[in-house]
Amino acid sequence: MSAEHPAPGPGTVPPTARQSTTHCPYCALQCATVLSGERGGVAVRPSPDFPVNQGGLCHKGWTAPAVLGAADRLRTPLVRGTDGELAPASWDDALTLVAAELTAIRARHGADAVAVFGGGGLTNEKAYTLGKFARLALGTAQIDYNGRFCMSSAAAAAGEAFGLDRGLPFPVSDLADADVVLLAGANPAETMPPLMRHLERADLIVIDPRRTRTAQQAALHLQPAPGTDLALALGLLHAAVTEGLIDKEYIDTRTTGFEDAWASCVAWWPERVEQVTGVPAHDQRTAIRMLAAARRSYLLTGRGAEQHSKGTDTVAAFINLALALGLPGRTGSGFGTLTGQGNGQGGREMGQKADQLPGYRSLTDPADRAHVASVWGVDANTLPQPGRSAYELLDALATENGPRALLVFGSNPVVSAPRAARVTDRLNALDLLVVADFVPSETAALADVVLPVAQWAEEEGTLTSLEGRVLRRRAHLSPPPGTRTDLEVLHHLAVRLGQPAHRFPTRPREVFEELRRATAGSRADYSGISYARLDAGEALHWPCPAAGGAGHPGTPRPFLDRFAHPDGRARFTAVDHRPPAQTPGSRFPLYATTGRVLAHYQSGAQTRRVPDLVAAAPEAVVEMHPDTARHHHLADGQLADVTSAYGTARLRVRLTPTARRDTVFVPFHYPGRARANLLTGDALDPRSRMPEFKVSAVRVTPAGEAP
């Protein structure tokens with residue numbers, strides 16, 4: 001595939017070299033890899049028999065070992081001195097200082113004056129322990145994670161429709177037999193290239209304002225204006241109903257709520273949708289006919305449809321369409337969402353989200369609280385209630401009623417959070433900022449204390465891929481001298497805060513055994529999964545309850561017989577279109593939308609330290625149509641200022657003839673003045689609390705020129 005890359009560089013690893021089977025540290029495909037060699041010379045190759053990547057890797061996967069030897073790798077704790085500079089410190093001094101400051105802040109302002117911010121790349125064991133640490137060692141409700149910026153809208157919509165949130169409720173390999181696949185706001189050719197191997201047979205329908213690499217391979221590309229995906233989904237359902245293409249028997253026997261959903265879209269006939277979205281009515285009808293005529297078809301959403309202030313409603317509208325066509329819960333067809341971060345699925349199941357306990361248990365449900373409290377050995381009444389969502393937490397930092405201290409594990413909100421200038425100001429205003437990382441990220445550069453932790457190839461644990469498959473991460477190297485694992489950091493902090501040492505194990509296997517008990521009987525039941533079964537090569541998808549001595553086989557396709565609601569039926573949801581929070585006008589005449597590029601990942605803290613990836617995408621750009629550039633007095637390669645109501649980013653112009661004339665695109669992997677999230681605002685989805693990353697109203701001018 002054009003989006004994949006052969007192994008870089010000459011030479012092979014001798015067959016006698018020590019080898020470790022593990023998984024790529026980047027996206028939620030979790031491609032299987034084999035590591036060989038020692039520190040300074042680690043080589044990677046894809047595992048040929050893992051069904052997800054089938055012997056393939058993207059450029060990021062091939063170069064992943066380069067981050068292990070990053071020149072600026074953190075190898076000792078750093079503490080900011082009275083001179084304002086970060087200086088090396090011993091682990092004992094750094095942890096004692098952090099514990100003393102946290103204790104003092106809690107004494108002055110209460111437990112909720114301390115907050116925790118986690119990440120969707122943490123292993124299941126670390127995400128579980130982080131949530132436990134926040135609620136027991138700190139006693140705070142103020143914990144959330146960067147997965148709120150990734151999967152929250154899809155999770156909310158899937159939970160409402162199916163009673164269960166699993167990104168793909170079927171194995172990735174099922175897609176290989178599809179006749180038609182609709183991708184709404186997803187660009188896997190650049191974000192997860194090995195997935196494209198499973199889409200070679202299918203005719204693709206791609207919904208995206210940009211003509212991405214994925215859209216270039218599509219049989220049909222629908223190119224709506226940013227922020228209008230919901231209207232388009234309503235129009236597709238309207239066309240399905242009026243053309244008699246819905247599956248009435250399926251609707252009658254496996255769903256509820258269709259009539260209300262139909263009533264909410266009856267006014268969205270394709271010609272009206274064309275006026276709102278720009279997508280021709282003819283193309284809308286072609287898309288729905290392709291889906292309905294196929295024997296095996298899938299509908300998949302991605303961040304482009306979800307990262308909106310109405311993202312939950314948008315995903316619900318696409319689920320409505322899938323249900324009307326009878327796709328979910330059938331062998332060979334289905335609905336799913338393409339989880340982004342490496343452990344985006346497991347990370348949101350294990351209790352680092354503001355309103356959840358492990359196993360998707362709820363902090364507001366007495367029975368759920370009692371179960372987890374019994375596993376933790378505490379009184380359920382001592383557990384806090386739900387706290388603020390991710391952006392609301394960051395926005396409240398150092399305000400009158402907000403947290404005064406923040407601990408960050410596995411995230412870089414200076415680059416990744418919306419309204420980035422505001423978030424940076426809030427971080428700078430804290431009494432205490434502690435960051436655990438393995439490279440000096442932009443957030444670590446602001447910290448009062450930086451704690452150097454192990455990387456992916458230096459730690460054990462489990463992750464859960466986008467298809468709900470639980471996978472083993474294996475250590476190939478020992479962590480460098482001077483570093484510790486996140487579990488060790490949390491253990492030593494918890495003990496200094498007065499917790500019994502046994503409550504916070506440092507061995508991942510021991511944490512996983514507790515995690516099994518905490519999730520037993522929950523929607524995301526891991527109780528039947530063990531390291532022994534995973535190490536024996538079993539493919540285990542949750543829910544996988546303990547089942548006596550036989551061993552439950554796991555559930556790769558959970559909806560074939562019934563959905564997870566008590567009556568076994570899926571729910572249609574009545575939704576209606578509304579405009580984004582920012583729309584173009586005379587002051588800001590263009591849409592800006594953000595996303596990924598092939599060479600980089602997330603905030604770029606890792607990939608911007610890999611020479612091959614930097615060479616492939618060295619700087620941030622703003623993609624725009626040549627006519628748009630000409631109208632704004634810009635030329636290809638020129639520096640431009642892109643300005644919204646929230647800030648200005650300085651970017652290099654890249655002319656893109658396939659772009660919409662009313663839309664510019666900015667990748668979000670770059671720091672400093674090139675941060676895409678200087679442009680994004682603080683509008684949130686009312687149900688998922690997802691920020692509106694995908695739509696900003698902007699103007700573009702030559703760099704340094706007054707508007």
If the threshold is 4.0 Å, N to carboxylate O, is there a salt bridge linking [X] and [Y]?
X: R474; Y: E459; answer: no
X: R650; Y: E619; answer: no
X: D682; Y: R422; answer: no
X: E85; Y: R80; answer: no
X: R73; Y: E458; answer: yes
X: E460; Y: R509; answer: no
X: K353; Y: D144; answer: no
X: E125; Y: R507; answer: no

(request) Evaluate the criterion side-chain contact (heavy atoms from CB on, under 4.5 Å) for residue pair R517 and W376; output intermediate values, then yes/no. (result) CA-CA 10 Å; R517 298 194 303 274; W376 289 352; over 6 Å; no
Check the side chains of [Y] and [X] for a donor-acceptor pair under 3.5 angstrom, ignoring hydrogens and angles.
X: N412; Y: Q602; value: no
X: R503; Y: Q499; value: yes
X: S411; Y: N146; value: yes
X: Q345; Y: R348; value: yes
X: S90; Y: D93; value: yes
X: D641; Y: T648; value: no
X: R496; Y: T96; value: yes
X: Y128; Y: E514; value: yes

Please examine the side chains of [Y] and [X], heavy atoms only from C-beta on, and report whether any two atoms are closer than 4.5 Å.
X: K60; Y: L613; answer: yes
X: R426; Y: L430; answer: no
X: K126; Y: L487; answer: yes
X: T33; Y: T21; answer: no
X: P88; Y: P77; answer: no
X: V423; Y: D425; answer: no
X: V453; Y: T485; answer: no
X: T680; Y: Y646; answer: no

With a 3.5 Å distance limit and no angle check, can you tell me whether [X] reaches the backbone of [Y] through a side-chain donor-acceptor pair?
X: T462; Y: V470; answer: no
X: R135; Y: G351; answer: yes
X: T443; Y: V414; answer: yes
X: S696; Y: S644; answer: no
X: T339; Y: G344; answer: no
X: R473; Y: T123; answer: no
X: R419; Y: Y391; answer: no
X: Q356; Y: M350; answer: no
X: N677; Y: A420; answer: no
X: R516; Y: I529; answer: yes

(message) Between E442 and R608, is the salt bridge (charged side-chain N to carboxylate O under 4.0 Å, His left out) condition met? List the steps.
(response) CA-CA 12 Å; E442 288 71 27; R608 285 186 278 106; 3.3 Å; yes
Would you give the length of the straight line joining atom [atom1] of [X] to atom [atom2] of [Y], rounded to the nearest 0.5 angstrom?
X: D448; Y: L406; atom1: CG; atom2: CG; result: 10.5 Å
X: H669; Y: T594; atom1: NE2; atom2: OG1; result: 9.5 Å
X: E101; Y: D431; atom1: CD; atom2: CG; result: 8.0 Å
X: Q385; Y: D112; atom1: CD; atom2: CG; result: 11.0 Å
X: D486; Y: T129; atom1: CG; atom2: OG1; result: 9.5 Å
X: C58; Y: E190; atom1: SG; atom2: CD; result: 11.0 Å

(request) Would you verify whether the NZ or CZ of R472 falls within 45 degrees of the ring axis of Y531 while also being under 6.0 Å from that six-membered ring's centre? (result) yes
Minimum-distance pair of heavy atoms, taken over all atoms of [X] and [Y]:
X: L57; Y: P46; answer: CG-CB, 3.8 Å
X: L598; Y: P193; answer: CD1-CG, 3.6 Å
X: V621; Y: P667; answer: O-CD, 3.2 Å
X: R361; Y: A518; answer: NH1-O, 2.6 Å
X: S36; Y: R45; answer: OG-NH1, 3.8 Å
X: F149; Y: A390; answer: CE2-CB, 3.6 Å

Run the ring-centre check on [X] versus [Y] and record whether the distance is less than 6.0 Å.
X: H23; Y: F50; result: yes
X: H492; Y: F504; result: no
X: F117; Y: F409; result: no

(request) Apply side chain to side chain donor-acceptor pair (under 3.5 Å) to Y526 and E349, showing your working. (result) CA-CA 10 Å; Y526 281 54; E349 299 161 4; 2.5 Å; yes
(request) Report the residue from S389, P418, S152 that forms a side-chain contact (heavy atoms from CB on, under 4.5 Å) with P691. (result) P418
(message) Please evaluate residues L427 and L397 with respect to the criterion side-chain contact (heavy atoms from CB on, under 4.5 Å), reporting the C-alpha separation (whole Å), side-chain torsions for both, the decisive distance (0.1 Å), and the verdict.
(response) CA-CA 7 Å; L427 292 168; L397 296 175; 3.7 Å; yes
(request) Tell me, with the steps shown, if T464 and N343 meet side-chain contact (heavy atoms from CB on, under 4.5 Å). (result) CA-CA 6 Å; T464 306; N343 199 31; 3.9 Å; yes
(request) Report the relative orientation of the aromatic rings in H600 and Y670; use parallel for angles under 30°, tilted for 30 to 60°, perpendicular for over 60°. (result) perpendicular
(request) Evaluate the side-chain contact (heavy atoms from CB on, under 4.5 Å) criterion for residues L407 and L102: first the C-alpha distance (whole Å), next the side-chain angles of each, then the deciding distance (0.1 Å), finally the verdict. (result) CA-CA 10 Å; L407 285 69; L102 293 175; 3.7 Å; yes
